[in-house]
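Written below as structure tokens is the structure these notes are about.
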Amino acid sequence: MLDVKYVTSNLEEVERKLKRRGATLDLEPLRALAERRAALVTAIQEKRTAINAANADMGKLAKAGDKAGLEARRAELREISGAIKPAEDELASIEAELEKQLLFIPNIPDDSVPDGASSDDNPIVRTWGEKPVFDFTPKSHWEIGEALGAMDFDRAAKISGARFSVLSGPLARLERALIDFMLDIHTRDHGYTEVSPPYLVTRETMTGTGQLPKFEEDAFKTVNPELFLIPTAEVPVTNLYRDEILEGARLPIALTAYTPCFRSEAGSYGKDTRGLIRQHQFHKVELVRFVHPEQSAEEHEKLTSHAGEILKRLGLHYRVAALCTGDMGFASAKTYDLEVWLPGQNAYREISSCSNFGDFQSRRANIRFRETPKDKPRLVHTLNGSGLAVGRTLVAILENCQEADGSVRIPGALQPYMNGLSRITVPAG
RNA sequence: GGAGAGGUGGCCGAGCGGUUGAAGGCGCCUGACUCGAAAUCAGGUUUACCGGCAACGGUAACGUGGGUUCGAAUCCCACCCUCUCCGCCA
């Protein structure tokens with residue numbers, strides 16, 4: 001959520017910056033609402049001051065036992081008091097409207113974000129490693145997985161419908177190994193504290209990080225009670241400190257969490273229908289940082305490097321794209337995508353998205369900090385990134401480490417997590 | 001699911017219609033005392049918004065939302081949450 005004060009006093013600037021995202025917004029109604037609200041607040045405050053003073057007198061009369069005096073003023077006060085009600089009602093409805101409008105406005109892109117309309121316009125800022133060379137035509141991960149007898153889409157469809165999968169045997173084990181591996185690196189080498197949060201959250205929580213109210217159709221939810229299945233651990237983990245004032249000395253706070261993620265993928269019909277790339281349920285290790293506002297840019301770089309480190313240790317070639325204004329998510333001020341090379345698809349695919357949200361989420365979720373105990377509370381900056389999407393990492397290993405005979409090499413860094421296993425082989429027969 | 005208790009400031013805990021933003025205690029900050037510290041004493045210690053350069057003044061907030069009233073932390077209604085006991089259960 002943007003700051004009303006900032007928006008209303010910098011209308012043109014905000015409109016211009018939002019336009020870079022392709023969002024053409026007329027913020028004039030917002031300004032009018034804010035103005036009306038200010039007038040109402042002042043008027044109500046003045047009335048209240050008068051009422052309060054009168055009531056203090058009434059208190060004295062009551063104490064003195066002056067029944068007649070009390071009666072005499074009661075009628076008069078009833079009128080003054082009653083007159084305030086319509087103004088308060090109007091104020092309440094204006095504030096509700098203001099809030100509603102603000103919740104639908106996306107974040108302002110950071111000045112360093114390149115202009116562009118779609119993912120085709122994202123500049124590549126760096127690459128790591130090289131594409132592996134094959135002396136055969138590399139297969140897709142679903143071909144490899146099914147040949148290994150360890151990836152089953154038909155039975156997944158039987159029990160849950162489209163966009164689900166069942167891993168078994170060595171691939172189920174590989175998935176679990178990846179989760180452990182990632183969490184170990186982030187906690188041991190990158191200084192994150194591991195968190196195991198709820199996977200079902202309230203509407204308020206989903207609003208705090210920006211998934212709601214605008215993107216309700218993307219989420220799965222339960223009925224009675226209404227709870228949302230988290231689309232990413234970002235949601236519960238960022239909301240951990242909602243409505244809190246943190247001690248400045250505690251920043252930056254770095255948390256990592258493994259969770260399943262649930263997405264309806266509404267609007268992506270026909271996209272990535274085969275394989276593990278786009279599922280209703282997938283697993284992810286997430287990185288979340290709460291940082292000092294003046295440090296969020298460098299913190300963003302750091303976070304991105306933490307995600308990249310996983311790919312490096314697995315020996316997977318990837319590149320980093322700076323998302324252009326037209327490709328960024330609703331709440332983000334700046335985003336880097338890590339794109340891993342998938343030989344089976346002959347393409348780079350997003351495996352991590354690392355974003356700096358500035359104070360957009362912290363304003364919604366009211367997450368603040370105090371530099372020193374004497375300072376005024378300020379909004380923290382929040383950041384998060386996948387570190388990494390587990391399913392897609394498994395895909396990357398299958399496709400990059402495949403051999404002509406259908407077996408798959410296990411990257412050395414992962415072998416300790418696989419009980420020393422160095423290769424997954426096609427079962428005989 | 002059944003029965004009960006309760007939600008007040010950073011924490012504990014009073015208040016149960018009238019200068020109560022809220023006693024008291026703890027914690028924390030500042031000052032005095034001290035070589036220093038402890039102890040002791042004095043003062044201070046919520047957040048948001050409005051006005052003001054500031055000092056400061058004003059308004060709101062005692063789980064949330066309504067209601068009663070001239071006036072509500074205190075009364076009424078609904079909802080949410082927490083705790084205890086019973087049942088069930090990974």
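Proteins get letters first, then strands, A, B, ... in listed order; numbering begins at 1 in each. Computed from heavy atoms alone, side chains included, the values below leave out hydrogens, waters and symmetry copies.
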Complement of [N], any strand, by Watson-Crick or G-U distances under 3.5 angstrom:
N     : value
B:G36 : none
B:U19 : none
B:G31 : B:C41
B:A90 : none
B:A78 : B:U64
B:U84 : B:A3
B:A48 : B:U59
B:G9  : none

Donor on one side chain, acceptor on other, [X] and [Y], under 3.5 Å:
X        : Y        : value
A:Glu234 : A:Gln361 : yes
A:His292 : A:Glu371 : yes
A:Asp184 : A:Tyr417 : yes
A:Thr232 : A:Lys284 : yes
A:Ser355 : A:Thr335 : yes

Contact class for [X] (heavy atom, under 4.0 Å): base, sugar-phosphate, or nothing?
X       : value
A:Arg37 : nothing
A:Arg48 : sugar-phosphate
A:Lys47 : nothing
A:Ala62 : base
A:Lys67 : nothing

Please tell me which of the listed nucleotides, [options], lies nearest to the side chain of [X]?
X        : options             : value
A:Arg74  : B:C70, B:G58, B:A48 : B:C70
A:Gln45  : B:C70, B:C50, B:U30 : B:C50
A:Asn52  : B:G67, B:C70, B:U59 : B:U59
A:Arg370 : B:C70, B:U46, B:A60 : B:U46
A:Lys85  : B:G67, B:U30, B:U59 : B:G67
A:Lys60  : B:C70, B:U19, B:C49 : B:U19

request  = Take A:Glu28 and A:Arg31 through the salt bridge (charged side-chain N to carboxylate O under 4.0 Å, His left out) test and state the conclusion after the steps.
outcome  = CA-CA 5 Å; A:Glu28 178 54 30; A:Arg31 198 198 53 74; 2.7 Å; yes
Using atom [atom1] of [X] as one end and atom [atom2] of [N] as the other, report the distance to the nearest whole Å.
X        : N     : atom1 : atom2 : result
A:Glu95  : B:A48 : CD    : P     : 16 Å
A:Tyr6   : B:C49 : OH    : C1'   : 22 Å
A:Lys376 : B:A48 : NZ    : P     : 5 Å
A:Glu88  : B:G67 : CD    : C1'   : 14 Å
A:Glu99  : B:A48 : CD    : P     : 17 Å
A:Ile84  : B:G71 : CD1   : P     : 10 Å
A:Leu40  : B:G58 : CG    : P     : 22 Å
A:Ile367 : B:U47 : CD1   : P     : 18 Å

[M] and [N], which share atom name [atom1], separated by this distance in whole Å:
N     : M     : atom1 : value
B:C70 : B:A48 : C1'   : 27 Å
B:G13 : B:A32 : C1'   : 31 Å
B:A38 : B:C28 : P     : 10 Å
B:G6  : B:U64 : C1'   : 16 Å
B:C41 : B:C26 : P     : 10 Å
B:A90 : B:C79 : C1'   : 30 Å
B:C80 : B:A23 : P     : 33 Å
B:C16 : B:G63 : P     : 16 Å

inquiry  = If you assign A:Thr42 and A:Ser81 each to the RNA chain B nucleotide with the nearest heavy atom, which residue ends up on the more 5' nucleotide?
reply    =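 Per heavy-atom nearest nucleotide, the more 5' residue is A:Thr42.
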inquiry  = Between A:Leu70 and A:Ile44, which residue's closest nucleotide on RNA chain B lies nearer the 5′ terminus?
reply    =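 Between the two, 5'-proximity favours A:Leu70.
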task = For B:C70, take OP1 and OP2 only and decide whether either is under 4.0 Å from a side-chain N or O of A:Arg78.
result =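 Yes, within the criterion.
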query = If only side-chain N and O atoms of A:Arg368 are considered, is one of them under 4.0 Å from the OP1 or OP2 phosphate oxygen of B:A48?
reply =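 True: A:Arg368 side-chain N/O within range (under 4.0 Å) of B:A48 OP1/OP2.
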ask   = So A:Ile108 and A:Val14, side chain to side chain contact (heavy atoms under 4.5 Å, CB included) or not? Walk me through it.
value = CA-CA 7 Å; A:Ile108 294 172; A:Val14 172; 4.2 Å; yes
request  = State which residues pass salt bridge (charged side-chain N to carboxylate O under 4.0 Å, His left out) with A:Arg368; sequence neighbours excluded, sorted by chain then number.
outcome  = none
